[in-house]
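Since the structure is predicted, the reported quantities are computational estimates derived from the model, not experimental observations. Hydrogens, waters and symmetry mates play no part in the numbers below; they use all other heavy atoms, side chains included.
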Amino acid sequence: MGTPSPAFKNLHLHPIPQPFWADLPHTNIFECFTPDLLHQLHKGVFKDQMVKWCIQIAGKWGTQEVDERFKCLSDHPGLCHFKKGISTISQWTGHEHKEMEHVFASLIFGAVPPDVAAVARATIDFIYYASFPSHSTETLRRLQDSLHAFHKHKGIFIKAGIRKHFQIPKIHIMEHYAHLIQANGSADSFNTEMSQWLHIDCAKEGYWASNNNYTQQMIQYLWHQEAIPKFTAFLAWTNATHPVRVRPPAWMNWLN
């Protein structure tokens, strides 16, 4: 399709020349998209958007104010205490996102305008309803109600100059969550958080075992992890009188 036209740029669209799925029979490619709680909601909508907007609208000392409020929270069983605030956290995981969601709506109350607090609460309500392992007509209705509340109050960010538009893919996908859950089942079934654990076995442990040339050494590390149980099985086969229990590396269990 060549260079994208101004109309594409204005709509924040990117042309896709000759997509592989264009001529597939009985195929609606948009039905192939599934919810992703971790990257779309916990990280994409809450952490990357809502938290940042709330801190910006809190004023010049917004970061310090939010940090102080997290620090002042008293210890409570089942809640994570961010003793140093949240601005000093360099490595975010889904665990930190969820722990922030437990207290964020009430924590920012008074530091931001009421409409902002309403948007934050609606966002967190949406995330919680979307995370249900099973749904009914009532839970899906409440999911949609929280989305309507988000749209009702989100204009405060445009009035405050924080945003010029809300044409953000991870916010747009929220419109389709109810339909996708009805069509494919609960969003928890498609959550990529479980497969994220493969990063530990297949990437992080290999990186920790390397030094300078980490790419080649990580590949060699994974090759060793796969070869050792195979060689152990071979030894057990050649010496049947002394059977050896073979234990494959943890990451191989995901492939079975």
Side-chain angles (χ1 to χ4, degrees), residues 19-21 24-48 75 77-84 88-102 127-128 130-135 170 173 177 180-256:
F20 73 92
W21 42 262
L24 291 179
H26 314 295
T27 300
N28 181 358
I29 194 62
F30 301 103
E31 294 294 334
C32 297
F33 292 98
T34 56
D36 182 356
L37 296 174
L38 177 61
H39 294 98
Q40 291 174 353
L41 297 186
H42 293 304
K43 182 181 183 299
V45 175
F46 177 72
K47 168 59 175 60
D48 293 345
D75 291 334
L79 292 179
C80 177
H81 187 201
F82 295 89
K83 297 180 180 180
K84 298 181 180 180
T88 59
I89 300 177
S90 58
Q91 189 70 27
W92 287 91
T93 66
H95 174 73
E96 281 82 15
H97 300 153
K98 295 176 183 178
E99 291 296 335
M100 286 178 60
E101 291 164 2
H102 290 330
I127 293 173
Y128 280 146
S131 301
F132 279 10
S134 61
H135 283 274
K170 290 178 182 177
I173 194 65
Y177 259 66
L180 292 173
I181 289 172
Q182 288 178 314
N184 302 314
S186 63
D188 190 53
S189 303
F190 302 96
N191 192 3
T192 57
E193 188 170 3
M194 295 299 295
S195 59
Q196 289 287 102
W197 286 101
L198 281 174
H199 290 176
I200 298 176
D201 298 317
C202 295
K204 292 184 178 180
E205 289 186 354
Y207 178 80
W208 293 332
S210 68
N211 44 42
N212 293 329
N213 191 9
Y214 59 88
T215 301
Q216 181 177 351
Q217 292 175 355
M218 287 170 63
I219 296 174
Q220 190 75 7
Y221 173 85
L222 292 175
W223 185 85
H224 285 165
Q225 294 300 306
E226 184 177 355
I228 289 174
K230 289 183 177 181
F231 185 66
T232 305
F234 173 75
L235 293 179
W237 175 73
T238 57
N239 190 9
T241 57
H242 299 86
V244 180
R245 180 176 176 81
V246 180
R247 185 176 183 181
W251 67 269
M252 293 185 67
N253 295 330
W254 289 82
L255 305 178
N256 297 331

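Here the closest heavy-atom approach between residue Lys170 and residue Gly44 is recorded as CD-CA, 3.6 Å. Nearest heavy atom pair, residue Tyr128 against residue His102, reads OH-ND1, 2.9 Å. For the pair Ser134 and Ser186, the tightest heavy-atom approach, listed with the atom from each and the gap, is N-CB, 4.4 Å. Contact detail for Gln40 and Tyr177: the closest heavy-atom pair is OE1-OH, 2.7 Å. Closest heavy-atom contact between Ile181 and His135: CG2-CD2, 3.6 Å. Considering all non-hydrogen atoms of both residues, Phe46 and His97 come closest at CE2-O, 3.7 Å.
Considering CD1 of Ile228 and NZ of Lys230, their distance stands at 12.5 Å, rounded to 0.5 Å. The distance from atom NZ of Lys98 to atom CG of Leu37, rounded to the nearest 0.5 Å, is 8.0 Å. Taking NE2 of His224 as the start and CD of Gln217 as the end, the distance is 11.0 Å to the nearest 0.5 Å. Here the straight-line distance linking atom CD of Glu101 with atom CG of Leu41 works out to 8.5 Å at 0.5 Å rounding. Separating the NE2 atom in His26 from the CG atom in Asn28 is a distance of 13.0 Å, to the nearest 0.5 Å.
Few gaps surround CH2 on Trp208; more than 12 heavy atoms of other groups in view lie less than 6.0 Å from it.
The backbone N or O of Pro25 lies less than 3.5 Å from a partner atom in the side chain of Thr27, making a donor-acceptor pair. Under a 3.5 Å cut-off, the side chain of Glu99 and the backbone N or O of Cys80 do form a donor-acceptor pair.
Sorted by first and then second residue, the pairs that involve residues 34-43 and meet salt bridge (Lys or Arg N to Asp or Glu O under 4.0 Å), not counting sequence neighbours, are Lys43-Asp48.
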- Task: With side-chain contact (heavy atoms from CB on, under 4.5 Å) as the test, would you mind laying out the steps for Leu180 and Phe190 before giving the verdict?
- Result: CA-CA 11 Å; Leu180 292 173; Phe190 302 96; over 6 Å; no
